[in-house]
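Being a predicted model, the structure only gives us computed values, none of them experimental. Just so you know, residue 1 is the first one in the sequence shown, and it goes up from there.
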Amino acid sequence: MSLPPTFAHGTPSKRVASSVGGSLSQLVRLGASPAPRPKELVVRIELPGVASAADVDLDITPRRLSLREEATGFELDLELPHAIDETHGSAKFDRSKQALTVVLPVVASDAAPAVFKPATEGQAAAEAAAEQADAEAAEAKNRAREAE
């Protein structure tokens with residue numbers, strides 16, 4: 001569930017769109033998820049009164065885009081609808097339109113981290129005991145070599 005963006009002082013206008021197969025195919029409204037996983041998210045933020053990208057502090061994490069501009073008081077905290085690769089995104093400020101466009105590649109999967117399963121899972125007790133005995137014998141052999 002996406003939280004609405006929060007603003008302080010100024011309210012920058014923003015639009016989030018997803019790109020599937022390299023073309024803008026679907027406008028993603030906050031709180032809605034697109035059917036196919038997009039290749040990238042395109043976030044366009046209008047910042048009236050901002051003259052330069054140097055004045056904008058942009059922070060991107062895998063699930064959040066935060067923006068702050070002190071002179072105008074703009075502040076935006078946006079939860080993204082998909083996990084993104086924050087190391088390969090790009091941002092471009094258009095001075096004539098006073099708008100910042102941020103392109104963020106979506107990661108292939110939001111899969112949960114792998115769960116550790118012990119090597120003995122699914123083994124018969126005799127097989128697990130034999131493996132343990134072999135490991136202990138190999139360890140004892142290594143200790144004997146080191147002691148020589």
Which pair of non-hydrogen atoms, one from [X] and one from [Y], has the smallest distance, and what is that distance?
X: Pro38; Y: Val106; value: O-CB, 3.3 Å
X: Glu69; Y: Val56; value: CG-CG2, 4.1 Å
X: Leu41; Y: Pro81; value: CD1-CD, 3.9 Å
X: Thr72; Y: Pro48; value: CG2-O, 4.2 Å
X: His88; Y: Asp85; value: ND1-OD2, 2.7 Å
X: Ile84; Y: Val107; value: C-CG1, 3.7 Å

[atom1]/[X] to [atom2]/[Y] distance, rounded to the nearest 0.5 angstrom?
X: Glu79; Y: Arg63; atom1: CD; atom2: CZ; result: 7.0 Å
X: Thr101; Y: Glu46; atom1: OG1; atom2: CD; result: 9.5 Å
X: Asp55; Y: Phe93; atom1: CG; atom2: CZ; result: 8.0 Å
X: Arg64; Y: Leu80; atom1: CZ; atom2: CG; result: 8.0 Å

Residue of the set Val43, Leu47, Leu78 for which side-chain contact (heavy atoms from CB on, under 4.5 Å) holds with Leu67
Leu47
Whether Glu70 and Arg68 form a salt bridge (side-chain N of Lys/Arg under 4.0 Å from carboxylate O of Asp/Glu) is what I want to check.
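Glu70 and Arg68: not salt-bridged.
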Are Leu58 and Leu65 close enough that some pair of their side-chain heavy atoms sits under 4.5 Å apart?
yes
